[in-house]
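This report concerns only the one structure given below.
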Amino acid sequence: MESTKFSLLTKEEVDRKWWEIGDFFRRNSLWMLMYCTGCCAIELPPAMTSAYDMERLGMGPMATPRQADVLLVTGYLSLKTLRRLIYTYEQMSEPKYVVGIGSCTINGGIYHDSHAVINQLDQYIPVDVYVAGCMPNTEAVMNGFVDLMRLIKSKKANGWKKYHKNNEWYKKNQIDSLGEVRVKDEFHD
Amino acid sequence: MNSMTNIKYVSSLVENRFKVIKKEIVSEYQISFEVDKDEVHRLLTLLKLEGWIQLSYLSAIDWINDNEYELVYIVMNWEKPVHVQIRTRISRENPSMDSILPIFPGCKYYEREVHEFFGVKFPGNPEYAKQLILEGWDDIPPLRKDFDPRAYSDAHFAKREYTETFVNLNNEKSKQVKREKRKERIIRVRKGGKK
Amino acid sequence: MSAVLLIAIPILAAFISIIVKKWSPYMLLFVSFGLVILLGYLPFEIITIGGFSAPYGISLVVDNYSYTALYVVNVLFFLVAIINVCNYKKLGTILLVSLAGLNGLMLTGDLFNLFVFLEISGISAYIITTTNKKPLATFNYLVAGTVGSILYLLGLIILYNMFGTLNMQDMAVRIAASGATDIEVALPFLLMFIGIGVEAKLLPFNSWVKGILGHSNKLTGPMIAGVYAAASLFVFGRLLTEVFVISDTFMLIISVILAFSILAGEAMAYSSTKVREILLFSSIAQAGIAVLIFVSGFTGYAVLFISLNGFSKVVLFLIINHATEVVGSDEVIDLKGLFVNNKLVGASFTATVLSLLGLPLFAGFFVKMGILSQLFSSGDYVFPAIILLSSVVEGVYFVKLLTKLWYKEDNLPQVKFELPLVYLVVVISLLLVVFGLYFEPLHEQALVLVNHVKGVIL
Amino acid sequence: MIISILMGISVAFFGFVLQTSIAGVNRKIIGRVQKRYGPKWYQEFLDIFKLLSKRSVTHGWIFDFGVIMALGGIIATAMFMPITNDLMAFPGFDNFFIFVYLIAVGMLGMAMSASGSGNPLASIGVMRALTTMLAYEIPFMIIVLTIIKLTGHSSLSEIAMFQQTAVAGLEFSGTWFMIALPVGFAVAFLSLMGMLGKKPFETYIAPAEIASGPMVEYGGKQLGMLFIMHEITVFIEVSLFVHLFLGGAENIWIFLIKYFLVYTSVNLISNVNGRFKIDQVVVFFYKWPLLFAVMQAFVAIYLGWVI
Amino acid sequence: MASLEFLVIIALLGGVLAYLVGKLSKVVGASLTVLVSGFIFVSVAYFGLNGSLDASITYLPFVSFEATDLYLGTSFGILVTFIFFMVSFFNPYFVDKFKYPSLYSMFYLFSLAGVLGVFFTDDFLVLFFFFELVVWTSLFLIPLGKSKKAASWYYGFSAFGSFSLLFAIFVMRNTAGSFNINDGLSMVGGSDQILVFILLMVAAFAKLGAFPLHIWLPKVLGNSPDPVTSVFSGGLEKLGAFVAVMGLVKLAPVGPVIEAIDMALGQYLIAILGALTIVFGTLMAIRQDDAKKLIAYSSMSNGGYILVALTLLNDTSVSGALYHVLIHALASTAAFLAIGAVNRQTGTTKMSELGGMIHKMPVTYIVYLIAIISMAGIPPMGGFVSKWLIFQSVINEGMILIAIATFFGSIGSFLYVFRPLAALFLGQELPEFRKVIKEAPFFMLLPMIILSGLNIFTGVHPSVILQYINNVLAELGVTELGITTWTLSGNNGDLYPALIAVVFGVGVVIAFIIFIVLKKSRKVDLMDTYTAGNFVYTEELLHYSVDFYAPIERLYEKHINIMKDFYKGIAKKVQEFGSFVKYFFFTNKPEITVLWVVIVLGILLLWGDLL
């Protein structure tokens, strides 16, 4: 350790420092995308009301994927919803996080044997936090958000990096089960 | 004009005109007739003239062991509030039934749905073959009895594999002990003991 | 070289031409051209036929006013004759007779003699209009013409037994001397006014105009609308300035008639869809304006106005009648896009129309300015308002006509204008533009005529 | 010149910090009204800096240039704003019309980049923003016309000073216009709510109907810059209102109190209201507010009835 | 020493020469117009500014010019010749699409000659001569565009206007004895003065396209070819402003003075009509689908501003009005040229058919942006200064109703100028235009860039031009506007436009620094937008440009063409009257004539004893 003089920080250190500061802001003002895919979405309004007050944590609903940080996948995901979900996920601005709420996102839940519902969400998009329970209680959902914040703090919530790193794997899975993501229907040919 | 007179009115109206295979009063406001396949059109036109102007639902039931589909038309009358079910049986091999588009234009989407989920053809409705709900479906119509959704799900969607081992928390006493202590404390507090 | 020759030569040529049928058109051309040359050496004097003095003899007056009138009428007549000589050979004699009648109208200083020449030129006009192949219209014109001249005669007779003379100057002197009140004199003057009014196309009396000019051809159109209109307006001017004494009630009636005929003329032109109708109704309105100027006493600019109008009408009617003959109908829709292929004729048509409207760079502008400034200086605000309002309406329908004639994309009317017509039309429109830019000569001519006091011969 | 520009920049920065913290406090108050804790007081700062730290999306050069022009225009307007009687960047040149029209530059910048983003929802949002602007601006300008006519000055600091000290010569001086023109104050308050885009007139950022209107396509730093712009716009409009109706401020503390009271009252009212349909907004402002504004102007200018 | 008469002759001969050359090759003929108008502008501007235009007359017969201390005429002259010069750059590019290209260049230069004559003369008849010359030469430019009926509407209104001007000229001559403008306007008195005032106002309204006589403006400007529209709105409308200045400022105020706002009744009525013009223009502009008609209505409402400002007769208002004339000319010409450039590339100006022009035509976009910023009166550009001056005087006079109209106009102008910006330039790039369109050629961009440069300059440093306007004010006898080199002082506060521009620059720099410091954002295609999860592939679905301000339009949809029906009604009445008379008098039966002769005779006979 040749000199104890204050040494200039290298570029990576500066970026890492900035990233930590950015993480502080990102975890204290998580904006969730108001995209309620399944039945677990009914848990979110109570989270915003005075009993649990999601705003305390700095979380609030935002209308469009561009503005939101957290994508809440609440409940079962049919093929059609999954296609729209993937398109929305790709529209979100980086760094973005996904919270899978409800057992349907974990292992297909009660619809595990249906022809229309997928069984495991993280095959298709990277999921940071799962909240188990067939309709988990609001506390559990809030707990999930707190876990997400802890993950961000410990720099482990890098699902979006995984999506970039092994994109082909995700894409292959998506093509396998969905056929094609961007479909044409009779109204938008 | 209570419902009984309506039911009687309808059954008398239909019975003396058509050979009803089976008649069943489902509930206070609902009656169902099973009729031969080629009389369905005339019956529906008659009912429509009598005031049953709304086609509430059109669906099919798959009797796989009789090797038949059963089509159910439910029509509704606003003045005399009675739902009339018209049921017919059609064969399961290349099932087809003439469309009732001219009588009830509303049937356009029902027929597309029945075709998509059961594979029944409806000549006379130009769009019956178009895709309605399932996007890019490549298997046999899913609601047929001989379709196994579980097999489809296993084939297409990866399942989460759970290892069967039970993990006992190595040095942590199982939670059961903690639960009993908590129960006692609650009883004690209820009796007014110290917290 | 006296003015009588102007009447004598055409009549003599008319008789000769009856005998030598074949040469009558060439004789017509030769005579009319000769007269135009003759006019150059005409002395200014009063010729009393046969030496009888004023109350009895007939006198021909050659002063500035009649000189200009003669000049305009003869030149116009010659131009129209050149264009139409080849295809109206049979009318040689009639045209010569009408030339004589017109010259007589301009020259005569005697009221009864005026009636005689009125009849001569009227009859020859009726025969010319027979070429329109519209017998009922010609008959209507005949009846109206004769009724007009008879009324004129009636007025003349009343005047004669009131004042005993037929000579214009003498009559004016006697009226002034006798101190007759305006009311008494009003009746004969109104009769004479209506008489000449029929020929000068004033509104209530001109129901014949639509029939004649509406179906005119290359000869009758320019002849009636150009030559005869100018001649009758000059006669009207002569009477109004020389003889008439206008009382205020008489003036009221006349101004009502004139105002009505100006505004109604423009409105009718606005509402008609046939090109010839547009032109004839606008010439009715212009006739009304000309008479209005005479009535308010500015002979100078009135003469200018009439001559410009005469030339323009000849040009307009020639072009439109030729196009109608080729195309077959004179509806605006059928003639749409006429000028797309023949731009030169179109340019001269447009130039003439713009000078009629009184727009700058054209002679019509200064004439209109002169008229308006004199009307205003006499403190009258009503008539200029009417003239300006009518010229707004006139502008709108002429612009609508022009845009239709110039702009059309497909199946344009196949019309070919032969050289003499094109040459004549272009020369006249160039004249209008030249006089528009350099207005001095016309201005002096107008000033010379302005101080032409009643009864005094230059 | 340079010092006054630096002074202006600091005024703008002060405005931003002030408004963001007061907005955070207000979110806490609203929370307490709804019997919940509400976010931290500096939550707004966190939101803005979080947005600035994200990597967002751009739809072309006009999309970015519009945001820069919007923020630049609004910062420029804020630099002119007088805080107290003597604390202002450009004494003598803070004319009322500069504020009304420079805000329009900000609005134009945002509108340009929103419709440049190619999203129809953004264009609809812009259209609604302009329509509401047409609605609430007219009554406000009439009331300001009366104020300028009464005081004889159109610069904010003179109007403020006019209301603070009773000068012998001028007969209405000395009383706040809030008291002097009561009806005008009410109308101006309604227009202020329209200007701030608070609940009843929040048609152009209607999250339910057109997914937050013009902000649809904005992500990280663009949205952050637009939030900064929004905060500074609110600072400008509320302090404009304070100077025009509440008699400006002798020192900074009075300014802060007045500012806080105005903003909180607007916020409280807006939180109990639903949202108007876009047609209702235009019709609403052209019915009663315009009528009262004209009546107030007529009475104040021609009949001289000023309390 | 350029003599005015020499310039007029150059313009006329240039026109004829352009016609002849145009016969050989259209483009050369049109570019000749550029040279001639350029030469005229340069000589008028150079000699006019240092006051050395000599007015001697050698060739033109009755014309008499006056250029010494005629600041009003020179300022208008320089402005309009400048507009003609700028627009003439567009001629060579547009001339090949016309039916009569050589005629177009000839009449273009003739109207320039007419315009020159109008501004520099001191004799009414000469003024009227050139006034009429401008009317009929510009008349033939209109049908080259889309509609043929527009020409007759235009001629109807402007003939009505110019003939009432002529009537006023002769009425003034009766009292003043000569056609001289100044003593004609000053000497007329009593009931004649009211008549002259009304007639001059009718002429000004007809030429400016103000409220009662505005029907022709959108029809003509909307349908005529683009260079002609820009010349109309930039140049020829200024004739109306010139006549309005004569009628409102030079002529003494007419009618009893209303003591509440100490203004003459005549002036107040014109102010009310000006206010109505603003409101009506703005309302109609908001709902237009064709960009050219929209800008036409905007120039109508700006004409309303000029009228309102001229009626107030104090220093800020008249200087505001004259400055607004300059600003409006620059801004609306730049806007029309930009739309013309788009029209030439795409062939249509309908907003519902266009979209996303910015990607291929960025320079035209910036020119249009600067033009609309100035038209809407937003600070860094000139429009703000002139509107500020007008607001100062309107508030100072305390006229509430007119203040409402001006505020409504200025806010409304922000609305409707933004509509073409959003619908034409921004939004989705429609596929059929993506491959075909490319930026306008350099010589079309040159005038546009010069105009936007001037728009900025007039906004940042107005006192240069306001200095010149002050001596126009002095000539008109109005108190001068207080200006220092950088600041203007209005009635209740002063303005430092350069400071606003600098501060705006500083603000933008700060924002730019914030933008650059942060992470670079990812470029994404325009179609990749938030569509609530739907997959949309066609651009038309994502481009919002049809009936843009639907909520406002719904409020006044039913009674839009009251005025148009009113004028159509008049035309119908004239037609009915004509056919009535035709039916009544012109029948083929000769006895009708005899009947009428007898009737007239009867009237005279009865006249004697009845009356």
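Residue numbering restarts at 1 for every chain, and letters A, B, ... go by the order of the sequence lines.
To the nearest 0.5 Å, the span separating CD1 on B:Ile133 from OG on A:Ser78 amounts to 11.0 Å. Atom CG of B:Asp139 and atom NE2 of A:His115 lie 9.5 Å apart (nearest 0.5 Å).
Closest non-hydrogen pair, A:Ser177 versus B:His156, comes out as CB-O, 3.5 Å.
In this structure, A:Tyr76 places its OH atom where only 12 or fewer heavy-atom neighbours from other residues, nucleotides or ligands lie under 6.0 Å away. For B:Ile140, the CD1 atom is densely surrounded, since the number of other residues' heavy atoms within 6.0 Å is greater than 12. Residue-environment remark: NZ (A:Lys80) exceeds the threshold of 12 foreign heavy atoms within 6.0 Å. No more than 12 heavy atoms of other residues, nucleotides or ligands sit less than 6.0 Å from atom CH2 of B:Trp63.
With a 4.5 Å cut-off on non-hydrogen atoms, B:Phe157 touches chain A through its backbone and its side chain both. In this structure, the portion of A:Leu79 lying under 4.5 Å from any heavy atom of chain B is its side chain and not its backbone. Both the backbone and the side chain of A:Gln120 have a heavy atom closer than 4.5 Å to some heavy atom of chain B. Residue A:Leu178: no heavy atom, backbone or side chain, is found under 4.5 Å from chain B.
Residues B:Arg160 and A:Asp122 meet the side-chain proximity criterion, which asks for heavy atoms closer than 4.5 Å.
Listed for the B:Ser153 side chain is a donor-acceptor partner under 3.5 Å among the backbone atoms of A:His112.
One finds no salt bridge joining B:Glu135 and A:Arg182 here, because no Lys/Arg side-chain nitrogen approaches an Asp/Glu carboxylate oxygen to under 4.0 Å.
Residues B:Tyr162 and A:Asn107 bring a donor and an acceptor atom of their side chains to less than 3.5 Å of each other.
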